[in-house]
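Beneath this line is the structure, given in structure tokens, with notes to follow.
Note on naming: letters A, B, ... go to the chains in the order of the sequence lines (proteins, then strands), and numbering restarts at 1 for each one. Worth knowing before you read on, the calculation uses all heavy atoms, side chains too, and leaves out hydrogens, waters and symmetry mates.
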Amino acid sequence: MGRFYVTTPIYYVNDVPHLGTAYTTVVVDALRRFHQLVGDETFMLTGTDEHGLKIERAAKAEGLEPKAFTDGISARFREAWPKLDIEADKFIRTTDSDHKAFVTELWKKVEANGDLYEGEYEGWYCVGCESLKTEKELEQPGNLCATHKAPAELVKESSYFFKLSNYQEKLLAFYESHPNFIKPESRRNEVLSFVRGGLRDLSVSRTTFSWGIPVPGNPKHVMYVWFDALANYLSALGGEESDLKKFWPTNDKSETEQVVHVVGKDVLRFHAVYWPAFLLSAGYKESELPDVIYAHGFLTVDGQKMGKALRNSIDPLKLAAELGVDTLRYQMLRAIPFGQDGDFNHEALLERYNADLGKNVGNLLSRVLGLCTKMTDGKHPADPLDSGTEVEVPLFKDYGYCTTEALSGWMAFAPHYALEWTMKLANSANLYVDRAAPWTAAKNGESARVKTILSRLLRVLEALSVMLWPAIPAKANEMRAQLGLPPMEVSVGKSHWPTSMPDRHPGLALAPSGPLFPTYDEPARKAMLAKLVPPAAAAAAAEAVSPPVAGSNASAAPADAAGTISYDDFAKVDLRVGLVKTAEKVPKKDKLLLLTVDVGEAEPRTIIAGLALSFAPEALVGRRVVVVTNLAPREFGSAEIGGKKVKLVSHGMLLASGPSEDLRLATIDADCAPGSRLK
RNA sequence: GCCGGAGUAGCUCAGUCGGUUAGAGCGGGCGUUUCAUACGCGCUAGGUCGGGGGUUCGAAUCCCUCCUCCGGCACCA
């Protein structure tokens with residue numbers, strides 16, 4: 001047990017929350033949750049960076065005072081995160097007065113140490129980048145900044161410089177003795193070679209604008225945004241007497257006390273070079289520097305680089321509303337190896353959701369709860385026999401392995417790895433259900449055996465709910481609710497990581513409440529994809545026709561998340577009256593009937609319908625039903641019919657309602673001609 | 001131009017100090033079970049391990065070279 005202080009970068013308010021910032025913040029929240037789970041005292045910080053020329057100008061453009069302008073954007077960030085189930089302990093703003101006071105003090109310490117001097121500097125300055133450009137970097141004609149395509153300005157001004165050059169050797173020595181300071185390894189090498197290449201003094205003040213923290217004793221100058229911004233990680237913890245100071249441990253810090261800055265690779269240098277240099281200069285000792293600067297990669301979206309236009313077209317909050325927060329979080333954490341660049345691919349997202357969450361975990365929960373409903377009165381079985389048989393061996397082995405690997409994945413800032421092993425445990429449990437076959441034991445009257453099996457499965461499910469909680473807290477708790485368990489609770493000093501199987505809860509009532517992760521079938525998948533990545537034109541059109549759906553159904557099932565559709569969308573569905581000509585049971589497929597249905601075409605259609613539990617084949621012949629006729633054909637495997645093996649391909653769908661053992665058919669109340677269109 | 005990293009099955013990637021038939025997940029294909037969310041389980045990928053050359057008894061794994069991609073640096077910070 002220890003302390004875990006984790007930060008996101010503070011986000012510059014020249015932009016609103018987008019997929020990239022959401023990604024960083026989700027990962028940090030997941031790390032925070034994991035450390036809470038293992039009993040650490042945690043503190044998560046995020047916030048906004050609000051000073052600088054760029055902001056001053058943006059405010060002016062909108063006719064606002066800078067503070068009023070930043071108030072608005074900052075609020076958007078603060079309000080966004082809870083919608084992604086991110087619970088930061090503090091949201092800092094660089095315009096907070098205590099932050100400003102802290103930075104002023106920091107400046108004075110650096111100055112007292114003799115590391116600041118006044119000089120002059122001249123260069124091409126790009127407002128967008130907040131930085132100087134070399135002539136080579138500018139595009140001609142017009143001295144355009146390559147990134148912003150805007151003209152750079154030739155500036156010459158008096159400036160304070162920080163003697164960064166004094167810190168080259170100290171930093172190198174520090175990196176040497178703290179191999180984990182910069183992660184991942186490849187980034188560390190980059191920084192190392194950068195620093196070895198020589199450090200020049202850093203201009204740390206500006207006189208060309210006033211929206212910033214004034215330099216003490218020389219208010220014509222405001223501090224360079226990075227000097228101001230980096231200090232937030234410390235200023236957020238308050239003054240000397242603040243209780244939060246403990247999160248920034250000093251000399252006596254132990255192995256288990258960590259200060260971790262998660263940053264994008266674009267701002268790594270500021271964090272890995274400037275920040276420790278500033279701290280050393282201000283009198284902080286090596287032991288008082290942060291422990292880990294973890295640089296993550298950038299996301300592409302469906303293989304495309306996230307330019308500003310694309311970025312703005314992908315609103316993480318809207319994604320969360322459409323897909324469910326947990327699906328979004330899961331994808332961010334599972335699909336992208338943390339530290340590397342990754343692709344946020346919408347198709348892969350749905351595939352991943354179906355495979356991992358739907359089929360592997362969700363269905364496991366569902367089948368185990370189903371078995372308990374039938375075999376143990378819907379309760380956790382009482383006093384199960386606990387002697388294992390051979391069937392248990394792989395499960396126990398996997399359990400130990402998976403929980404250990406997942407734990408070390410989280411410890412090593414590798415959520416993707418942790419979740420991979422979490423899934424392997426679910427997979428192993430699914431296998432165990434098959435091997436142990438409680439239904440067979442039940443038929444043989446071995447009720448003790450049945451209880452043993454189900455008890456074990458329930459315990460694995462509980463463990464899974466814990467292991468998933470850092471990544472998908474809301475769904476993990478829903479899962480627990482179905483298992484009859486209270487929401488996840490954490491407590492400082494106590495690890496809840498399920499290193500050994502959770503205790504039994506004999507007699508505790510289960511509360512199944514339907515699929516936890518309803519999978520997307522082919523049509524639903526297509527519909528969701530169309531919604532998430534609409535062609536630009538279609539998006540604009542859709543926007544005009546239907547108002548955006550409110551984002552309150554964040555955790556709703558896909559079926560509900562569909563929201564409203566336009567009439568045009570509805571009109572795409574071709575519903576027709578069909579007359580059932582023949583019907584027969586499909587051998588070896590309990591639920592399936594093979595129908596031929598006249599929908600007004602030359603030949604009756606072959607339709608496979610899952611009606612067998614509710615209808616005898618002969619009861620359907622001659623009935624008028626409602627058929628979706630333009631659904632893509634779907635395969636149902638193959639079966640032997642009339643002595644021949646045939647592929648089962650359905651060319652339509654009958655509309656019906658109810659559970660599969662008690663279905664009601666949608667029908668039509670008169671003898672309409674087969675093929676009549678419904679509207 | 002310099003310095004890194006990467007290029008392995010359709011996709012995303014693992015491959016430790018060089019060593020038996022190159023692996024996993026997903027998708028696809030085939031089979032199978034019925035407790036379950038048309039779900040689970042089993043089988044299935046015949047991939048010149050980017051190209052070429054070399055070292056070695058033996059290389060995806062070491063060396064050289066070329067190609068492609070990404071990142072960092074390049075009299076800017």
Margin query: Quiz question: by atom type and distance under 3.5 Å, do the side chains of A/Asn430 and A/Arg367 form a donor-acceptor pair?
Written below: yes
Item checked: Per A/Trp439 side chain, nearest of listed nucleotides B/U34, B/A36, B/C73 -> B/U34
Margin query: Between C1' on B/A77 and CG on A/Leu268, what's the gap in Å once rounded to a whole number?
Written below: 15 Å
Next item on the list: Would you indicate what A/Arg187 reaches in the nucleic acid, counting non-hydrogen atoms under 4.0 angstrom: base, sugar-phosphate, or nothing?
Entry: sugar-phosphate
Next item on the list: Take the protein atom CE of A/Met375 and the nucleotide atom P of B/U34, then report the distance between them rounded to whole Å.
Entry: 13 Å
Next item on the list: To the nearest Å, give me how far apart CG (A/Leu349) and C1' (B/U12) are.
Entry: 14 Å
Next item on the list: Nearest whole angstrom, please: distance from the P of B/G23 to the CD of A/Glu420.
Entry: 18 Å
Next item on the list: Output the single nucleotide from B/G71, B/U37, B/C35 whose closest atom is nearest the side chain of A/Pro515.
Entry: B/U37
Check: So how far is it from A/Leu483 CG to A/Ser465 OG, rounded to the nearest 0.5 Å?
Finding: 6.5 Å
Next item on the list: Please find out if less than 6.0 Å separates the ring center of A/Tyr417 from that of A/Trp410.
Entry: no
Check: Between A/Lys359 and A/Phe194, which is nearer to the 5' end of RNA chain B once each is assigned its nearest nucleotide?
Finding: A/Lys359
Item checked: Separation between the C1' atoms of B/C17 and B/U21, rounded to whole Å -> 23 Å
Notebook entry, point to check: To the nearest angstrom, how far is A/Asn360 atom CG from B/C41 atom P?
Noted result: 7 Å
Next item on the list: Calculate the interatomic distance between A/Leu395 atom CG and B/C41 atom C1'; express it in whole Å.
Entry: 15 Å
Checklist line | Touch class at under 4.0 angstrom, heavy-atom based, for A/Asn430 against every strand present | finding: sugar-phosphate
Notebook entry, point to check: Between B/G71, B/G27, B/A36, which nucleotide gets closest to the side-chain atoms of A/Lys374?
Noted result: B/A36
Check: Under 4.0 angstrom, heavy atoms only, what part of the nucleic acid is A/Leu516 near: base, sugar-phosphate, or nothing?
Finding: base
Check: Do the side-chain N and O atoms of A/Thr327 and A/Arg352 include a donor-acceptor pair separated by under 3.5 angstrom?
Finding: no
Margin query: Using heavy-atom distances to pick each residue's nearest nucleotide on RNA chain B, tell me which of A/Leu365 and A/Glu190 is more 5'.
Written below: A/Leu365
Margin query: Please classify the nucleic acid contact of A/Ser193 as base, sugar-phosphate, or nothing, using heavy-atom distances under 4.0 Å.
Written below: nothing
Checklist line | Atom C1', compared across B/C11 and B/G47: separation rounded to whole Å | finding: 14 Å
Item checked: Heavy-atom closest pair, residues A/Ala277 and A/Leu164 -> CB-CD1, 3.7 Å
Checklist line | Of the listed nucleotides B/A77, B/G42, B/G71, the one nearest the side chain of A/Leu431 | finding: B/G42
Item checked: B/G15 versus B/U32 - spacing of their P atoms, nearest Å -> 38 Å
Note to self: Need one value for A/Gly197: base, sugar-phosphate or nothing, where a base atom within 4.0 Å counts as base even if backbone is also close, heavy atoms only.
What the structure shows: nothing
Checklist line | Candidates B/G72, B/C35, B/G27 - which lies nearest the side chain of A/Asp434 | finding: B/C35
Note to self: Please pick, from B/C26, B/A36, B/A77, the nucleotide with the shortest atom-to-atom distance to any side-chain atom of A/Ser366.
What the structure shows: B/A36
Next item on the list: Measure from the side-chain heavy atoms of A/Arg435 and tell me the nearest of B/C35, B/G42, B/U37.
Entry: B/G42
Item checked: Any donor-acceptor pair under 3.5 Å from A/Asp115 side chain to A/Ser281 backbone -> no
Check: Among B/A77, B/U37, B/G40, which nucleotide sits nearest the side chain of A/Tyr224?
Finding: B/A77
Notebook entry, point to check: To the nearest Å, how far apart are A/Asn345 CG and B/U12 P?
Noted result: 9 Å
Note to self: Does a side-chain N or O of A/Asn427 approach OP1 or OP2 of B/G25 to a distance below 4.0 Å, or not?
What the structure shows: no
Next item on the list: Work out which heavy atom in A/Trp226 is nearest to a heavy atom in A/Phe278; give both atom names and the distance.
Entry: O-CE1, 4.4 Å
Note to self: Under 4.0 Å, counting only non-hydrogen atoms across every strand here, what does A/Tyr274 touch: a base, just sugar-phosphate, or nothing?
What the structure shows: sugar-phosphate
Next item on the list: Measure from the side chain of A/Gln340, starting at C-beta and using heavy atoms only, and say which of B/C13, B/C70, B/G27 lies closest.
Entry: B/C13
Checklist line | Interatomic distance, A/Arg269 CZ vs B/G71 P [rounded to whole Å] | finding: 14 Å
